[in-house]
Amino acid sequence: MLPNNGNIILAATQASEIYKDSVIHVIPSKDVGMGYVALSTLDMTCEDPDAIEEQLTSAMESVTTGSVSLAVRDAELNGVKIKNGSYIGFVGKQMLVSKPGLTDTACGLMDKMLEDGEKFMLTVFCGEDSSEEENAILQKHMEENHPEVELCFIEGGQAIYPYIFVAE
């Protein structure tokens with residue numbers, strides 16, 4: 001089971017212990033990015049559940065997931081000033097960037113997520129509120145600023161988050 005939410009892991013673990021008709025392994029994925037990377041590394045030929053659990057858990061260790069969304073109020077978080085109606089970019093509960101435009105915010109968040117130089121791939125889940133034109137701007141930004149990082153766009157279709165970034 002992949003909870004994909006840090007708040008759900010304990011409940012999922014307790015439920016797996018209560019349910020007696022099957023053995024359930026809870027892979028402690030805290031967000032959709034961790035769950036995505038875990039599943040993308042799944043070896044379907046492996047028949048050892050404990051080895052699979054170890055493999056998936058290990059794959060998630062270096063994943064960073066960032067999200068872009070619309071601000072619904074004025075605020076200041078982590079030194080980032082946010083205006084209602086602007087876009088915000090964050091990793092977990094840490095606010096990293098806020099700008100009036102979607103692509104400016106998305107590019108700023110990508111830069112922050114990749115600034116340590118240790119990531120080799122960035123997967124972009126495009127939400128229902130993103131466009132091909134905006135995706136092209138992100139791609140150009142990556143080519144100019146992070147040419148060493150492989151970039152992959154996936155139509156996620158998610159609401160609320162025009163972009164979800166998974167850096168590994």
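Because the structure is predicted, anything quoted here is derived from the model rather than measured.
Between Tyr163 and Ser131, the closest heavy-atom pair is OH-O, 4.1 Å. Of all heavy-atom pairs between Met113 and Gly66, the closest is CE-N, 3.5 Å. Closest of all the heavy-atom pairs between Ala167 and Leu114 is CB-CD2, 4.3 Å. When all heavy atoms are compared, the tightest approach of Ala106 to Val68 is CA-CG2, 4.0 Å. The two residues Ile164 and Val32 have their closest heavy-atom pair at CG2-CG1, 4.0 Å. In plain terms, the two heavy atoms of Pro162 and Ser69 that are nearest each other are CD-CA, 4.1 Å.
Judged purely by atom type and a 3.5 angstrom limit, Ser58 has no side-chain atom pairing as donor or acceptor with the backbone of Gln55. Under the 3.5 Å distance criterion, the side-chain polar atoms of Ser98 are left unmatched by any main-chain donor or acceptor of Ile88. Looking only at distances, no side-chain donor or acceptor of Lys30 sits under 3.5 Å from a matching main-chain atom of Ile9. The backbone N or O of Ile82 lies less than 3.5 Å from no partner atom in the side chain of Ser86, so there is not a single donor-acceptor pair. Side-chain atoms of Asn4 never come within 3.5 Å of backbone atoms of Ser29 as a donor-acceptor pair (strictly under, hydrogens ignored). No side-chain donor-acceptor contact under 3.5 Å links Asn78 to the backbone of Val80.
Listed by first then second residue, pairs satisfying ring pair (Phe, Tyr, Trp, His ring centres under 6.0 Å) with a partner in residues 84-115 number zero, not counting sequence neighbours.
Glu132 CD: 12 or fewer foreign heavy atoms inside a 6.0 Å radius. Counted within 6.0 Å of NZ on Lys119, heavy atoms from surrounding residues, nucleotides or ligands total more than 12; the atom is thus considered enclosed. For Glu54, the CD atom sits in a loose shell: 12 or fewer heavy atoms of surrounding residues, nucleotides or ligands are nearer than 6.0 Å. In this structure, Glu76 places its CD atom where more than 12 heavy-atom neighbours from other residues, nucleotides or ligands lie under 6.0 Å away.
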- Where do His141 and Asp111 land on the side chain to side chain contact (heavy atoms under 4.5 Å, CB included) test, with the steps shown first? CA-CA 9 Å; His141 179 82; Asp111 291 342; 2.8 Å; yes

(message) Go through it in stages, so that I can follow the logic: the residues are Lys112 and Glu115, the test is side chain to side chain contact (heavy atoms under 4.5 Å, CB included), and I'd like the CA-CA distance, side-chain angles, deciding distance and then a yes or no.
(response) CA-CA 5 Å; Lys112 293 276 188 185; Glu115 70 186 356; 4.2 Å; yes

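Under the salt bridge (Lys or Arg N to Asp or Glu O under 4.0 Å) criterion, Lys83 pairs with no residue at all, not counting sequence neighbours. Considering only residues two or more places apart in sequence or on other chains, Ile154 meets the side-chain contact (heavy atoms from CB on, under 4.5 Å) condition with Tyr36, Thr123, Phe125, Cys152.
Using a 4.5 Å cut-off on side-chain heavy atoms (C-beta onward), Asn135 and Cys126 make contact. The shortest side-chain heavy-atom distance between Leu96 and Gln94 falls under the 4.5 Å cut-off.
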